[in-house]
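To keep things clear, I will list the structure first and then write my remarks on it.
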Amino acid sequence: LACLSEIAAKREIMAPNEEQVEKVDDLEAEAAELDGYFSDTPLEPCPNYPPLRDTFENAVIILNLPKVPEAKYEKLGKVVMKLVSRIGTLASNADTGYTGMHMSFNKEKDQTCGFAFVEYETVEEAKKAVEVLKDYKFDKNHFLSVVPYTRVCHLKDVEETEFVEPKPAPFVEKPNATAWLEDPNQRDEFVLRHGRETIVMWSDGKNDPVVDYDGSREKEAGVAWCEYYCHWSPKGSYLATLVPSKGVILWSGKTYEKTGRFPAPGVEFVLFSPQENYILTNNNRRDDPNAIKIFSIQTGELLRTFPLYPKDFDSKDGNMPPPPFQWSHDDAYLARMGKDLISIFETPSMKLLDRRSLAADGIHEFQWSPKANVLAYWAPEFNNSPAHVDLIEIPSRKKLRQKNLFNVTKCSIVWQSSGEYLGVKVTRHTKSKKTLYNNIELFRLNEPGVPVEMLDIKDAVMALNFEPRGHRFAMIHAENPSSTKVNVSFYSMKKRVETNAKGKKGGKVVQEVSELNKVETLEGKQCNCIFWSPAGQTILMASLGEASSGTLEFYDVDTKTLVVKEHYRANQVVWDPSGRSVATLVSQPIGGGHFKYAMDNGFILWSFQGKQLYQQSYETFYQLQWRPREQLLSKTEIAKVRKNLKKYEKQFDMQDKEQQRALKLEETKGKRAERTKYRSLLSRLRAIRSREHEARMALLDGYDENDDSNYVTREITVETILSSKEETVM
C-alpha cells in the first residue's frame, strides 16, 4: 500500500498542467493544417561534414620563446603570429575565433611558458616551418627551436628510465689531408681526365710527370671513382669527383681514401668554400626546386637547398645563365644576386643576414673581395640615377665608396688577389650610342677614403689582369676589337720617386708613392688572353681558340726577356700554384658528341721561361687541373727569401744532383743488373779454369800457358796520320 500510494503521488506530480495541455493542442491543430504537405519518403539525412583529422602532422611546437608577463602577452603573440604567418597559411576558424596559434600562459608564475602551438593548413607548410625556424634568431638572447607535434606525442609515451651514458664510437683516424705537402722534393700535383681515366700525377718542373694515383683500387673493385669532371678544394686538401648518378665523392690522404659522400643526383658542378668548410653542388635543372645544395664537409649535413634561379629573377626566356653563388673569403657568408638585390646568407645557419637582402637597384654583377668581407657591385643607369660602382662592407652594410659613371654600356670587375686594388673596366658610349670607348676605374682599398683613379684608353680593351700579390696590371688593347695585332700595356699602381735624404750626409732616397704609372707597351702582339704567373714577374700572352694561331709568348716584366713558342689549337692555359710550370691544353667538353679537333687533344708542360718539359696526346682529353696550395708566407717573408736566395743555392744544387743521380740509377737499373750478371758468370768461369790448370799442363806435356818465358816479346810501332794540313808561305 505504501508503494502504491508513492506511485500515485509521482503520477500526480508528472501530470501535465493546463499550459502544457494548451501547447499540445496548438501543435495538433498546426499539424492538421499541414496535413498533405509532407512526403511519405523516409528521411535519411547525409550531412557534408569535413574529413576528420585524427593526426596532428600539420602542427608544430615552437620552443625557446621569451617568457613575458601578462602585460606583454598580446604584443609577443602578434610578433609570433607575424613570424609564423610568413611561412604558410594557419588553420584558423573565424566562427570559433581560433587563430591557428596558441601560446600558453602560467598564471601561477604570471608569465608565458616559453612555447607556442602552431597549426598550419598543410603538412608541407609544417615541415617548412621546422626547417625555416630552426635556430632562428628571435632576439639577442633567444634562438628558436621547432619540433613537430607528432614528435612530442611520441616522446610523451617514452618510458622514463635511468640514463645510461652511450659508449662513444671507436676513434677512426681521418686521412692526413696535407700529406702531399710533405713531399721531400717539393713537387706539385695535377689531375688528368681523359677517356675513362682519372689520374693524379707529380710534377717537379724539370722531369717527366710521375703517376701518384690512378684509381687502381677502384678498378679492382669494378667501380669508377670519377664519371664526370673533378675539382680540387681551394687548399688542395680534397679531390672531389663527380658521379652524376649518385653525387659527389671526396678523396683525401696519401692513398686517396674516401672521406665524404654527398648525395646530389645529376650534379654537374661543385664549388668549395675558400676555407674548405662547405661544398655547393649544382645540377643545372630549372625544374628542380632543390637544384643547388649546400653541405657541411665535416658532418656531411645538408644545410640548405635553393632553386636554380632566385625568386622573381628575370631569366629572359632562359637565355640568361643563373646568377652564381659566391663565398666570402672566410666562409662566413654565401651570396647570390637577385632582382635588384643581393641575398647574403650566414653560415652555418644559412639564414638571411639580418633577415633581409641587400638592396641594389638594377644590379648586373657583384664580387667578393679575396681578402675581406667587402662586396663590389655595379648597376647601370636607372631613371634619373647614373650608373655606379659600390663597395659595401659586410655585415655592417656600410657603403665604403660609390663611384658614379655616365653613358655606361657595360662594366667588368677585376680584383687583385690580395684585395688591395679593384679594377673596373668601363665600356662607354657617346650620346648617339654609335661609338664605344673604354676607361679603367682603379680603387685603392687599403688607403683612407678608398681613392679612385681613372685611366682613359682610346683603344678597345679586350682583357685586364692584375699581377698576383703585386701592384702591376696588364691589359690587351687595340683600335679594333677584332684586330689580329694588338698591344699589351703594363701599368703600376706605385711610382718610384727620388727624394732628398734628411740629415747631414744628404743624398737621394728612392721611395714608392701611390700614383698610377705606365711601365711599358708591347706592340704588335698576337694574343687574346694574358695569364700572370702566381709568383708574379712572368706573364704568358697567349692566342687561344679555334681561329687563333696558338702563339705563346713568355715575358719577364723585370728583365724584359721574351720567349716565343707555339701550341696549335690550344684553348686553355693553367699555371701551377708555385709558378714554376704552366700547362697549355687542347681539351674537349665531356659529352656533346664528336670533337672536331680530337687529333690535337693533349697538353704540353712548359717551364716559366718557355722551355718545353713534357708533351702528351690523347684521343679524348677533358681536363687538367693543378692541385692548389695555400700561400703561407707574407710579402715581407717572400722578399727576405729572395734577398738571401744565394744562401740556398748550394743546397738546391746538391738536391738537384742527388735527384739526377737517383733518376739515372733508376734508368740504368736494368743495364746494371745485366752487367752484374755477366761479371758473376765471368768470375765463375775463371775459377773453373784455374782449378783445371794442372790437368791442362799434363795434356800439353808440361807446357804452362801462364809462364811468360814461353813467349817471345816484340815491339811494333804503327803510325797513323789522323789529319794533315798544307800551308803555303810566300
Side-chain angles (χ1 to χ4, degrees), residues 82-83 85-88 128 131-132 136 268-269 271 280-294 303-328 332-347 349-369 373-415 422 424-427 429:
K82 184 178 180 181
L83 177 64
S85 299
R86 293 176 179 176
I87 299 173
K128 184 179 178 182
E131 295 177 2
V132 174
Y136 181 83
E268 295 184 0
F269 172 75
L271 177 66
L280 177 150
T281 67
N282 189 346
N283 62 18
N284 281 326
R285 288 180 52 186
R286 296 172 178 268
D287 59 341
D288 186 0
N290 302 318
I292 299 173
K293 298 180 179 181
I294 315 295
L303 301 178
R304 187 164 180 179
T305 62
F306 298 91
L308 192 62
Y309 286 90
K311 186 179 179 181
D312 299 330
F313 187 81
D314 184 12
S315 62
K316 296 183 179 179
D317 300 327
N319 295 326
M320 181 179 291
F325 277 97
Q326 296 185 35
W327 294 98
S328 63
Y333 306 103
L334 177 66
R336 179 165 73 165
M337 180 179 70
K339 183 179 180 182
D340 298 331
L341 55 83
I342 302 174
S343 298
I344 305 172
F345 303 91
E346 292 182 285
T347 58
S349 65
M350 288 299 162
K351 306 295 184 184
L352 266 179
L353 177 64
D354 298 334
R355 310 179 196 174
R356 58 191 176 93
S357 297
L358 177 66
D361 293 337
I363 179 174
H364 268 47
E365 180 189 3
F366 85 95
Q367 287 187 22
W368 285 101
S369 165
N373 288 331
V374 174
L375 278 174
Y377 77 89
W378 81 273
E381 299 176 12
F382 182 74
N383 292 334
N384 295 326
S385 300
H388 53 92
V389 177
D390 289 15
L391 295 176
I392 308 295
E393 185 184 52
I394 302 298
S396 65
R397 303 176 186 247
K398 178 183 177 182
K399 186 174 291 187
L400 302 178
R401 189 71 161 87
Q402 177 174 320
K403 175 67 175 180
N404 293 331
L405 306 170
F406 299 91
N407 301 326
V408 174
T409 301
K410 184 182 178 182
C411 290
S412 297
I413 298 174
V414 180
W415 280 97
L422 171 67
V424 181
K425 186 186 78 171
V426 184
T427 302
H429 56 261

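In what follows, residues are counted from 1 in the order of the sequence shown.
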*Give the intermediate values and the outcome of side chain to side chain contact (heavy atoms under 4.5 Å, CB included) for residues Asp340 and Ile363.*
CA-CA 6 Å; Asp340 298 331; Ile363 179 174; 5.5 Å; no
*Do the non-hydrogen side-chain atoms of Val426 and Ser412 ever get within less than 4.5 Å of each other?*
no
*When rounded to the nearest 0.5 angstrom, what distance separates CD1 in Ile413 from CZ in Phe366?*
9.5 Å
*Side-chain donor/acceptor of Gln367 to backbone N/O of Val414, under 3.5 Å*: no
*asked:* I'd like to know if the side chain of His429 and the backbone of Thr427 have a donor-acceptor N/O pair within less than 3.5 Å.
replied: no
_Rounded distance (nearest 0.5 Å) linking atom CE of Met337 with atom CG of Leu375_ = 12.5 Å
*So, are Arg401 and Asp390 salt-bridged, with charged N and O less than 4.0 Å apart?*
no
_Derivation and outcome, side chain to side chain contact (heavy atoms under 4.5 Å, CB included), residues Ile292 and Leu280_ = CA-CA 7 Å; Ile292 299 173; Leu280 177 150; 3.8 Å; yes
_Gap separating the CG atom of Asn384 from the CZ atom of Phe382, nearest 0.5 angstrom_ = 10.0 Å
*Does a side-chain heavy-atom distance below 4.5 Å link Ser349 with Glu346?*
yes
*asked:* For Lys339 and Leu341: C-alpha separation, side-chain torsions, deciding distance, then whether side chain to side chain contact (heavy atoms under 4.5 Å, CB included) applies.
replied: CA-CA 5 Å; Lys339 183 179 180 182; Leu341 55 83; 5.6 Å; no
Check: residues 351-360 side-chain donor-acceptor pairs under 3.5 Å, at least two apart:
{"residue": "Lys351", "atom": "NZ", "partner": "Glu131", "partner atom": "O", "Å": "3.1"}
{"residue": "Lys351", "atom": "NZ", "partner": "Val132", "partner atom": "O", "Å": "2.4"}
{"residue": "Arg355", "atom": "NE", "partner": "Tyr136", "partner atom": "OH", "Å": "3.0"}
{"residue": "Arg355", "atom": "NH1", "partner": "Tyr136", "partner atom": "OH", "Å": "3.1"}
{"residue": "Arg355", "atom": "NH2", "partner": "Lys137", "partner atom": "O", "Å": "2.4"}
{"residue": "Arg355", "atom": "NH2", "partner": "Phe138", "partner atom": "O", "Å": "3.1"}
{"residue": "Ser357", "atom": "OG", "partner": "Ser343", "partner atom": "OG", "Å": "3.2"}

*CG/Leu334 to CD1/Ile294 distance, rounded to the nearest 0.5 angstrom?*
5.0 Å
*Exam field: side chain Ser328 to backbone Tyr333, donor-acceptor pair closer than 3.5 Å*: yes
*Check the side chains of Asn284 and Glu268 for a donor-acceptor pair under 3.5 angstrom, ignoring hydrogens and angles.*
yes
_Determine whether Trp327 and Thr347 satisfy the following criterion, side chain to side chain contact (heavy atoms under 4.5 Å, CB included), listing intermediate values before the conclusion._
CA-CA 10 Å; Trp327 294 98; Thr347 58; 3.9 Å; yes
*Determine, stepwise, if the pair His388 / Trp378 fulfils ring pair (Phe, Tyr, Trp, His ring centres under 6.0 Å).*
CA-CA 6 Å; His388 53 92; Trp378 81 273; 9.0 Å; no
*asked:* Checking Ser396 against Glu393: is there a side-chain donor and acceptor pair closer than 3.5 Å?
replied: yes
*Does the side chain of Lys425 reach to within under 4.5 Å of the side chain of Cys411, using non-hydrogen atoms?*
no
_Distance (rounded to the nearest 0.5 Å) between Leu391 CG and Leu422 CG_ = 6.0 Å
_Sidechain-backbone polar pair: Ser369 side chain, Asn373 backbone, donor-acceptor under 3.5 Å_ = no
*Side chains of Ile394 and Ile392: does their closest heavy-atom pair fall under 4.5 Å?*
yes
*Considering all heavy atoms of both residues, which atom of Pro380 and which atom of Gly362 are nearest to each other, and what is their separation?*
CD-O, 2.9 Å
*Might you point out which heavy atoms bring Thr305 and Lys293 nearest each other, and give the distance in Å?*
CG2-CG, 3.9 Å
*When you measure from the side chain of Arg304 to the backbone N and O of Met350, does any donor-acceptor pair fall under 3.5 Å?*
yes
*If you look at every heavy atom in Pro321 and Tyr309, which pair is closest and at what distance?*
C-OH, 3.7 Å
*asked:* Please check this pair: side chain of Gln402 against backbone of Val389, looking for a donor-acceptor N/O pair closer than 3.5 Å.
replied: no
_Given 3.5 Å as the limit, does a donor-acceptor pair link the side chain of Trp368 with the main chain of Gln326, or not?_
yes
